[in-house]
Protein chains: 2
Amino acid sequence: MADPSRKPDVFQAIADPTRRQLLSMLGEREMPVTVISGHFPMSRTAVSKHLRILADAGLVKERKVGRETRYRLEPEPLLELKRWLAYYERYWDNKLLALQRFVEGDETDGTIALVAPEEDGTRTAE
Amino acid sequence: MADPSRKPDVFQAIADPTRRQLLSMLGEREMPVTVISGHFPMSRTAVSKHLRILADAGLVKERKVGRETRYRLEPEPLLELKRWLAYYERYWDNKLLALQRFVEGDETDGTIALVAPEEDGTRTAE
DNA sequence: TTGACATGAAACCTTTTGGTTTCATATAAT
DNA sequence: ATTATATGAAACCAAAAGGTTTCATGTCAA
């Protein structure tokens with residue numbers, strides 16, 4: 001993450017379709033800003049600002065290589081979203097809850113929230 | 001859903017912390033607007049507008065009972081979010097992907113998107 | 001060293017968002 | 001019939017979001 005003073009809200013970060021597109025684009029390979037912005041119908045600066053928001057949310061990491069800055073996906077913050085979503089799985093499927101917990105409990109830190117921890121899924125101060 | 005002319009973007013809908021709180025509140029029991037808004041530090045009208053946005057996204061359903069309108073959670077649209085998230089699971093965990101697919105393929109319609117379908121997870125026209 | 005390229009910062013603008021207060025309408029209670 | 005309750009619609013407002021253009025800076029290439 002870049003600056004902790006800027007709010008790193010992952011829900012907010014993925015709300016914008018352009019930013020979701022950015023994430024899917026940066027999944028496999030890292031890319032410099034100019035190349036990335038070539039795929040979007042907006043200015044390079046606008047794309048740069050979206051990347052900044054994603055970086056603040058911890059969803060992308062930047063790496064300086066010579067005169068260019070390359071961005072790549074950092075999927076870890078999506079775990080918060082997964083945790084939030086896990087709570088609601090019980091509403092559309094109950095019978096698979098136990099197995100789901102087993103699977104997800106092994107790949108995360110084991111604290112799948114089956115009772116919504118903050119009522120809204122934010123981690124205000126931890 | 002209320003009016004199809006209003007955009008039913010689930011990503012947008014859950015971006016707001018108040019609306020996430022609303023969802024968690026309406027999970028178990030349906031509630032009328034006045035009771036709901038009693039839990040929030042804003043006007044009843046403001047809460048009502050949030051509920052409208054959630055309804056447009058299909059995340060809550062309203063039911064008129066006498067002079068009051070009761071709202072309750074409708075979790076189905078969260079499946080889109082789950083599908084979107086499923087694509088990124090491969091980035092933080094590869095070895096459990098097969099089992100994950102098995103589990104989720106059984107509880108959804110079976111079309112877990114392992115290749116992002118629209119590049120950004122939106123269902124523009126389907 | 002000089003010029004081209006890659007990028008972020010700054011200033012600015014327009015639209016959307018999240019909130020307010022006021023008003024209209026429908027139902028319930030007396 | 002009259003009054004109180006429950007709610008949404010409307011008009012309005014400030015702040016945030018998403019975009020632009022311009023400018024400054026750092027790095028690579030001649």
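Labels below follow one simple rule: chain letters A, B, ... track the order of the sequence lines, proteins then strands, and each chain is numbered from 1.
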Are any protein N/O atoms closer than 3.5 Å to N/O atoms in nucleotides 19-23 of chain C? If there are, list each pair with its distance.
residue, atom, partner, partner atom, Å
dG19(C), OP2, H50(B), NE2, 2.3
dG19(C), N7, K49(B), NZ, 2.9
dG19(C), O6, K49(B), NZ, 2.5
dT20(C), OP1, S43(B), N, 3.3
dT20(C), OP2, S43(B), N, 2.9
dT20(C), OP2, S43(B), OG, 2.6

Check your understanding: Between the side chain of Y88(B) and the main-chain N/O of S24(A), is any donor-acceptor distance below 3.5 Å?
Key -> yes

Practice item. Mind calculating the distance between CD (E62(B)) and P (dA6(D)) to the nearest angstrom? Key: 17 Å

Review point. Within this structure, what is the CD-to-P distance between Q21(B) and dG18(C), rounded to whole angstrom?
Key: 14 Å

Exercise for review: For R70(B), answer base if it contacts any base atom (sugar-phosphate contacts may also be present), sugar-phosphate if it contacts only those atoms, and nothing otherwise; contact means non-hydrogen atoms under 4.0 Å.
Suggested key: nothing

Short heteroatom pairs, N/O only, protein and nucleotides 25-30 of chain D, under 3.5 Å:
none

Check your understanding: Just how far, in rounded Å, is P of dG18(C) from CG of D56(B)?
Key -> 13 Å

Exercise for review: State which residue, out of M31(A), Q21(A), R70(A), fulfils the side chain to side chain contact (heavy atoms under 4.5 Å, CB included) condition with I36(A).
Suggested key: M31(A)

Exercise for review: Taking only Lys NZ, Arg NE, NH1 and NH2, and the carboxylate oxygens of Asp or Glu, determine whether E30(B) and R72(B) approach each other closer than 4.0 Å.
Suggested key: no

**Study point:** Face-on cation placement of R20(A) at F11(B) ring, 6.0 Å and 45° thresholds
**Key:** yes

Check your understanding: Considering residues at least two apart in sequence or located in another chain, which fulfil the salt bridge (charged side-chain N to carboxylate O under 4.0 Å, His left out) criterion with R44(A)?
Key -> none

Study note, to complete from the structure: Separation of dA9(C) atom P from I53(A) atom CD1, nearest Å, is 13 Å

Exercise for review: Could you check whether Y71(B) gets within reach of a base, just the sugar-phosphate, or nothing at all, counting any heavy atom under 4.0 Å?
Suggested key: sugar-phosphate

Review point. To the nearest Å, how far apart are L22(A) CG and dG19(D) P?
Key: 10 Å

Review point. Rounded to whole angstrom units, what separation is found between the CG atom of D9(B) and the C1' atom of dT17(C)?
Key: 14 Å

Point to revise | Phosphate contact (dA17(D) OP1 or OP2) by Q12(A) side-chain N/O below 4.0 Å | key: yes

Revision key, fill the gap. From CZ of F40(A) across to P of dG18(D) the rounded distance in Å is 14 Å

Check your understanding: So Y87(B) and Y91(B), would you call those rings parallel, tilted or perpendicular, with 30° and 60° as cut-offs?
Key -> perpendicular

Revision key, fill the gap. In this structure, OG1 of T69(B) is separated from CG of L51(B) (nearest 0.5 Å) by 10.0 Å

Revision key, fill the gap. note: L51(B), atom CG; dA6(D), atom P; distance rounded to Å ~ 16 Å

Practice item. May I ask you to verify if any side-chain N or O of S48(A) is less than 4.0 angstrom from the OP1 or OP2 atom of dT7(C)? Key: no

Point to revise | Charged N-O contact under 4.0 Å between E62(B) and R52(B) | key: yes

Check your understanding: Is the closest basic N to carboxylate O distance between E89(A) and K82(B) below 4.0 Å?
Key -> yes

